Amino acid sequence: MRKILIANRGEIALRIIKTCKKMNIHTVAVYSEADQDLPYVKEADIAKLIGPPPVAQSYLHIDRLLEIASEENVDAIHPGYGLLSENADFAERVEKEGFIFIGPTSLVMRKMGDKIEARKTMVDAGVPVVPGYESENMTLEEAHKEAAKIGYPVMLKASSGGGGVGMVLCEDEQALTQHFEPTIKRSQTYFGSGKLFIEKYISKARHIEVQIFGNSSGEVFHLFERNCSIQRRNQKVIEESPSPSLSEPAKNKLYHLAVQAAKAVGYQNAGTIECILDIDENPYFLEMNTRLQVEHPVTEQITGFDLVEWQIKTAFNEELPVKTQEEIRSSGHSIEFRIYAEDPKTFYPSPGTLKEVQFPEGEGIRVDIGYEAENKVTPYYDPMIAKFIVTADSRQSCIQAARQAFDSVHVEGVKTNIPLHKIVLDSAEFMDGKYHTQTLMNIKGE
């Protein structure tokens, strides 16, 4: 009997447990003192306390994670997403201590996890990147000089950043001066590195990503694209597949680019190539996420495949249910709505006790949730409560089904962004499918 340690929490831990049960694999969950009553702790075969609530003392405590893995004699470790999922040092420790890391190798993760290194790698592979400038120890004077060459506005980015953290839009030289040092400090605090780079800001850009998967034989497939352009503070809120208002030639170009990028680094397991598309549908490599994405359910819904099962099979050198790209087909339309415990106007987190958590059930409805009634949403972690996924035969039917389904969604005890989702669903910008990364702010009137 195989046994997997899940080095994560909440919704994604429960998601992994469900697939492991289907595959007859035993699971070991870890939990902090703040998470002891969450559903995933009850669903795991074994649950171990890892430490107090702060992530540095619990979910990011590598030594303790590996100690538990050794104590429980697990075969492999699944990092989920967020937390240590893209930490190359963690992956390397897992490999060195004899466990299987369910993801790419630490070498590939290190190469693609550093955005500066990733840009260089893609340039060498002939993959188009957003015009920009990178430097190991960029000075403010250097930043001013290069930003002027690129042309304002520019994006100032942390090389090791992710999830919208360490990313600032600078409209002019004054803004670049204002944000330069704070961005370095924020990057050092969150990612342990103060390295920055600058990219040209592409107006009315669409954020499109391609799900890729490298099997244990060295082949790379794509599982189509997801549109992630509905964002707040550079963080995704709604994702859908297929991407609306995107031509077939543009999609095919994206698929080719994504597979080319993954092959360039010998990628195995699940990954995502994120791109920015300008108004003429020209794609530019943005970054590679060397892990499972939060929004993977929409890809699962349109393809019918279980990506977590694929991850596990590949990690154990087992064959996937497909051998060629032609066997992977897309059907229907799927939209994912991230439900956050936050003020829908300010986007500030709204921690508290969930008094009621109710989602509809039925055909075309999927809810990946990490909480139940009377659980506390604490200020220690990301405030996402659930992912609400609606799937139908067409985009129009999907939007209509989502509108109706949201009438039966009730979350009480904390503020949520549910009202914002309803506004987006009723907006002309979302309906016509021609939205971009600033659309949500436009809808809110900011």
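Throughout, numbering of the chain's residues begins at 1 and tracks the sequence. Computed from a prediction, not measured in an experiment: that's the story for all the values here.
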Taking C-beta and beyond as the side chain, do [X] and [Y] meet within less than 4.5 Å on heavy atoms?
X	Y	value
L65	F90	yes
L246	L254	yes
L292	I12	yes
H144	T177	yes

[X] and [Y] ion-paired at < 4.0 Å:
X	Y	result
E92	R110	yes
E295	R338	yes
E142	K145	no
E239	R226	no

Quick one: does NZ or CZ of R9 land under 6.0 Å from the six-membered ring centre of Y380, within 45 degrees of the ring axis?
-> no

Is the count of non-hydrogen atoms from other residues, nucleotides or ligands lying under 6.0 Å from K200 atom NZ greater than 12?
-> yes

Taking everything shown except Q396 itself, do over 12 heavy atoms lie less than 6.0 Å from its CD?
-> no

What closest approach, in Å, do I443 and I423 show between heavy atoms, and which atom pair accounts for it?
-> CG2-CG2, 3.5 Å

Closest approach of I389 and Q301, non-hydrogen atoms and distance?
-> CG2-CG, 3.9 Å

Taking the six-membered ring for Trp, are [X] and [Y] ring centroids under 6.0 Å apart?
X	Y	result
H222	F224	yes
Y381	Y59	yes
Y435	F430	yes

Residue pairs meeting salt bridge (Lys or Arg N to Asp or Glu O under 4.0 Å), one or both in residues 265-274, sequence neighbours left out, come to K236-E274

Calculate, to the nearest 0.5 Å, the distance between atoms NE2 and OG belonging to H436 and S203 respectively.
-> 7.0 Å

Return each pair, listed once, that meets side chain to side chain donor-acceptor pair (under 3.5 Å) where at least one residue sits in residues 248-260; pairs must be two or more places apart or across chains.
-> E225-Y255

Of all pairs that satisfy side chain to side chain donor-acceptor pair (under 3.5 Å), the ones with a partner from residues 261-270, not counting sequence neighbours = N269-Q311

With D306, the salt bridge (charged side-chain N to carboxylate O under 4.0 Å, His left out) member among K18, K313, R15 | R15

Determine, stepwise, if the pair V30 / I6 fulfils side chain to side chain contact (heavy atoms under 4.5 Å, CB included).
-> CA-CA 7 Å; V30 294; I6 302 167; over 6 Å; no

Counterpart residues, ring pair (Phe, Tyr, Trp, His ring centres under 6.0 Å), relative to F337 (two or more places apart) | F406, H421

Residues that E199 engages under salt bridge (charged side-chain N to carboxylate O under 4.0 Å, His left out), provided they are two or more places apart = R119, K157

Return the set of residues passing salt bridge (charged side-chain N to carboxylate O under 4.0 Å, His left out) with K415 (not counting sequence neighbours), or none when no residue passes.
-> D343

